[in-house]
Amino acid sequence: MQRRKPVRIEIVLMIFSVIIFGVFLVLILTYYGRVLKAAGYKEEELNHVYGYQYEMIVDNRNSTLWNEVYEKAKAEAAENDALLSLRVSDANTEYDKTDYVDMCIDSKADGIILEYNGEPGLTEKINEAAEQGIPVVTIMNDPSWSSRQSYVGVNEYQMGQAYGEQVARLINEDTKDILILSNREPELEKNQLYSRIYNAVSDRTGGEKNIHVREQNLISKSQFDVEEAVRNIFQSSDGPPEMIICLDEVTTVCAYQAMIDFNMVGEVSIIGYDASETILEAVEKGLIPVTFAMDAGQIAEYSIEALTEYREIGRSNAYYTVDLNVITSQDSMNDMTS
Amino acid sequence: MTGLRETEYNTEEKVKLPGTTQNRKSMKEKEQTSKKRFIRWQDLSLTTKVLEEVLMVTMIIFVVNLVMYLQVNRMVSSMSQVYVSNVSLGELSETLDEVQNSTYSYLQLKTSESLERYYRSAEDYQELLSELNQKVMENPVKLLEKNIRAMSETYLAETDASVTYKRGRNVEKYRESFEKAQQVYRYLNSSIYDLNNYQFHNNSENFTRLQATLRSVALFSLTLIVIMMSVGCLMLYFMVRGVVSPLTNLAITAKYVGEGDFNVKMPQNDSLDEVGVMTRAFNTMVSSLEDYVNLTRENLEKERILKEKELLMEAHLKEAQLKYLQSQINPHFLFNSLNAGAQLAMMEDAEKTSIFLEHMADFFRYNVKKGDEDATMEEEIESVENYIYILNVRFAGDIHYSKDIDETVSGVRMPSMILQPLVENAVNHGIRNIEWEGRIHLSVKKDEDKILIRVRDNGKGMTEEEILRVNAGFRAAHAAGNGNENGREGSTVSGLQDTGDSTGIGLSNVKSRLELYYGCQNLLEINSPGEDQGTEVMIRIPAASAYQESDEIQALPGEIQA
C-alpha cells in the first residue's frame, strides 16, 4: 500500500499566513469602507440627481404646519423628479422672503412655493420670477393681482363661515369683547373673515347685545414681540377680551400660555389655529375650545401638482382649494369644505 | 527479517539498502532523468534552499508591510484631503471678492488696469466655478454648490453687463446692473459662507472619524505584522529544520555506526543535494565498513583458533615436560653421571657397561632436549632403539626388536617423544610377563599421501571391549581438557597397571599431541586380533601436512616453547 505523503507543516503555515493576511486585509478594507461611507463619501441616496429644483419659502409662524407640509411636498416632488428645499424666514436670518425669492431666481430654481403674507416687494419678486419663467405657487394668502401661477389654500368665504360658526357657538352672556389677532399685511385684510365673524356675532345676539369685535395686527412684530403683545393684551387695564381669535400657531400658543399664566382659564376663550402638539393637547383638555387646521397633505400635494403641471404643460390651475379642519374639545373633527 | 535495523525518523520511509551495483546504476539513471526533466527542490544545494526559504519568508513579511504601509498612506492622504474643499472655497471666495472689487474699481475709475483685473478674475472665477456641482442633488453641500454656481453665473452676467454699460457710458444701466450684482454678491457670500460651514462641519466629522480609523488601522497593522512575523519565524524554523533534519538523522546514524552497529542505514535518498550525496556515500561506506569488519572478524577468529591450538599444544608439551621433569629429577646431573659412568667403564674395559651407559645417556638427553620441540623421524627411531637397548640390558635381551623403515621419510618432522611411548606401551602392557618370546616390530612406510607408523607386538593382545574402552578413555581424556592426562591413562589404554618405570607419557597424550600437531583427528588407531595375539598401534601422519607443519613449527620454536 502506498503511504500517503504527509503535508509539510511549512506549506500549512504558508497557507495559514495567506489566509490571515487576506482576512486582515478584508477586515481593514471593510472597516475603512464603512468609515468612508459614514463620512458621507458614498451617500448614494443623498447624491441622487434630480431633474428640477423647487424652493419652498415660508415664515416660522406656523412651523409645525410647514414642516409637515414640507415633508409631504418633498416626497411628492421626489416622485416627480424634483428636489424641494425649504427656506424659512425668521428673526434669525438676515433675509426676508423677498431676498429668498430673489436668491431662487438668481440660482435658477424651477419653481417656488411661497407663503404669501403681503410683505413689501414680494409681489414684484413674484412677477420677476414669472418673467424668468419660474412659476410661483402661493399658499396661505392669495396675491391674485400678481403673476403667481397658482394659489393653494382655503376658500376665504368658507373660512369666514367656519370661524363665524365657532364664534357664534362660543359666545355667552359674558362675552363683550372679541379680539382678532391677525398676521397679515394691512393690504391683505381679510374682509370675508371679519365680515363673517361680525355677521355671526350679530346673528347670535340678535342685535340685543353689544359685542365689540376688534382686530389687532401683529405682522410687524418679530417672534418675541408677538409674545409681548399678547401678554400686554392680558395685562391691559380693561382686562383681556372674552374671546381671542388667533390666525397662526405662534399667536395661538402665546395666547394659550398667557391665559394659563394669568390664570384666566374659563374667562377667556381662545379660537386657535394649527394643530401642533401643544395646541392639540390644550384642545383635548378643553382649555382651547376649538382650533382650525389646514390639511397639510393637500397643501403639499396641490403645490407640487401645480408646479409639475406648469413644468409639463406650461399651465396649471389658478386655485387649489384646501380643506380646513375644525378641531373641537370633544375631539370631533369636521371637515369644512369650500 | 534480514536482521538489519533501520533508524526510523519521523517522515522517512523504510527502503531497500543501497549499495549494490544495480541500485547505484538505477539511481544514476534516475538522477540523469530528473536532471533532464526539471530541478527538484531536493536537488537544490543547501545554501540555495536556505537562501530561498529566507527570501520567501522575507518576501511575505515585506508584502504585508508594503500593503499595510500603502493602506496607512492612503488613509493619511485621505485625511490631508479632508479640508481641501474648505481651502477651495476660500479660494472661490477670494476670487469672488476680486471680481467684485475689480468691477467696482473699473466702474469707479474706468482704468484699463482694473478692467484687465476684472477680466482676469472673472476668468479665474469661472474656472473655479467649473469645479462646483451643477446638478440638483439632495446632499445639502451639493445643492449649495449648484445654487452658488447658478447665482455666480447670474452675478457674472450682471457684472459683465455693468462693465459693458460702463464702457458704453450708459450710466443708468450700469448702476442698475451693479446694484443687482452687489445684491447677488451678498447672496453668494452668504451661500459660500453657509457652504463653508457645512463643509467644515462635515470635514471635521470626517477628520475625527478618519483619525480614529487611522489609530485602529495602525493597531490592526501592528497586530497583523506581529502575527505574520511569528508565523514567518515558525515557517523559517520548520523549513530550516526540514533542511537540517536529514543531517541530524545522518549524525544519529553515524553515531550508531561509530558504536559498531552496522545494521543501521540511512533511508534511500535520490536527491542531488549535499545531504543526498552524503547519505549515499555514507550508506556505501557503512556497507564497505561492514564487509571489512566481517573480514577482519573472520581473520581474528582464525587467528584465535590458531593461537588456541598453539597454546593447547604448548600446554601439552609443558605437561609432558612437567611429567618428565617430575620423574626425572635433574636429568643433566644424570646425563653427566651416566657419561662419567661410561668413561669409568671404558677405563675399566667394561665395554658393554660403557655402551649401555652411553645409550642411556643418549636416551635421556633426547628426552630432555626434545621435550619442548619436534623431531625428525630418524631421531624418534633412534630414541626407540636406545630405549630398547636399555630394556634389553635390563631384561637380559628378552625383547626382540625389529624395524622396517622407509628411508625416504627419515627426515620427516613430527612431534617428539611419540614412538618411544608406543614402544614403551608395547613392552609394558604387551610383551611383559608373557610366556613366549616377546617381539616388537616398528615399521614406517609411506603410503600415498600418508606415512604409516606401526608398533606391533606379539603380546597379550586386546579384546574388542578393551579397545572400545581405551578409545572411550581417549574421548573422556579429551573432554576433560586434553592436558590433564598422565601416564596412568596410558596404562589404562592397555588395561594394565603402571609398573612405575615408565617415561611417563601416555597414549592419550601422544594421541592429543598428534592431533594438535597435524590439525586432524583419528591419527592413532589400536588394533588387536584378540587376546594373546598381540596388539598393533598405528599412527597415520598426513605426508604433505607433516612436511608443512614441521616447517611452520620449526619457524616458531620460541612461541611454542613459550
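Numbers restart at 1 for each chain; the letters A, B, ... are given by sequence-line order, proteins then strands. Computed from a predicted structure; not experimentally measured.
Neither the backbone nor the side chain of E158(B) comes within contact range of chain A, judged by heavy atoms closer than 4.5 Å. Looking at R74(B), the atoms closer than 4.5 Å to chain A (heavy atoms on both sides) sit in the backbone and in the side chain alike. Of the two parts of M228(B), only the side chain, counted from C-beta on, holds a non-hydrogen atom closer than 4.5 Å to a non-hydrogen atom of chain A. For a residue to count as touching a neighbouring chain, one of its non-hydrogen atoms must lie under 4.5 Å from one of that chain's; by this rule V67(B) touches chain A with the side chain only. Looking at Y95(A), the atoms closer than 4.5 Å to chain B (heavy atoms on both sides) all sit in the side chain, from C-beta outward. In this structure, no portion of L84(A) lies under 4.5 Å from any heavy atom of chain B.
Distance check: L13(A) CG to Y237(B) OH gives 12.0 Å after rounding to the nearest 0.5 Å. Between the OH atom of Y187(B) and the CG atom of D99(A) there is a distance of 3.5 Å, given to the nearest 0.5 Å. The CD1 atom of I61(B) sits 12.0 Å away from atom CZ of F21(A), with the distance rounded to the nearest 0.5 Å. With rounding to the nearest 0.5 angstrom, the NE2 atom of H48(A) is 15.0 Å from the NZ atom of K142(B). Note that CZ of R149(B) is 14.0 Å distant from OG of S107(A), once rounded to the nearest 0.5 Å.
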Quiz item: Should Q53(A) and N147(B) be marked as a side chain to side chain contact (heavy atoms under 4.5 Å, CB included) after you check the CA-CA gap, both sets of side-chain angles, and the distance that decides it?
Solution: CA-CA 10 Å; Q53(A) 181 187 1; N147(B) 286 346; 2.9 Å; yes
Quiz prompt | Trace of the side chain to side chain contact (heavy atoms under 4.5 Å, CB included) decision for Y50(A) with E138(B) | solution = CA-CA 8 Å; Y50(A) 295 90; E138(B) 198 170 350; 3.3 Å; yes
Exercise. Let me see the working for K180(B) and D106(A) under side chain to side chain contact (heavy atoms under 4.5 Å, CB included), right down to the final yes or no.
Key: CA-CA 10 Å; K180(B) 175 64 186 167; D106(A) 292 341; 3.1 Å; yes
Exercise. I would like to know whether T154(B) and Q132(A) meet side chain to side chain contact (heavy atoms under 4.5 Å, CB included); could you show each step before the answer?
Key: CA-CA 12 Å; T154(B) 310; Q132(A) 302 278 339; over 6 Å; no
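Residues I20(A) and L224(B) are in side-chain contact: their nearest non-hydrogen atoms beyond the backbone lie under 4.5 Å apart.
If you tally non-hydrogen atom pairs under 4.5 Å between each of V136(B), L234(B), T208(B) and chain A, the highest count goes to V136(B). Per-residue heavy-atom pair counts under 4.5 Å with chain A were compared for I148(B), I227(B), T223(B), L143(B), and the maximum is reached by L143(B). Among the candidates S190(B), A157(B), S221(B), P140(B), the residue making the largest number of heavy-atom pairs closer than 4.5 Å to chain A is S190(B).
Counting heavy atoms of neighbouring residues, nucleotides and ligands inside a 6.0 Å radius, atom CZ of F238(B) exceeds 12 of them. For M56(B), the CE atom sits in a packed shell: over 12 heavy atoms of surrounding residues, nucleotides or ligands are nearer than 6.0 Å. In this structure, Y198(B) places its OH atom where only 12 or fewer heavy-atom neighbours from other residues, nucleotides or ligands lie under 6.0 Å away.
Under a 4.0 Å N-O distance rule, the pair D102(A)/R186(B) does not qualify as a salt bridge.
The backbone N or O of E153(B) sits nowhere less than 3.5 Å from a side-chain atom of K108(A) that would complete a donor-acceptor pair.
Using a 4.5 Å heavy-atom cut-off against chain B, no residue of residues 298-312 of chain A qualifies as contacting.
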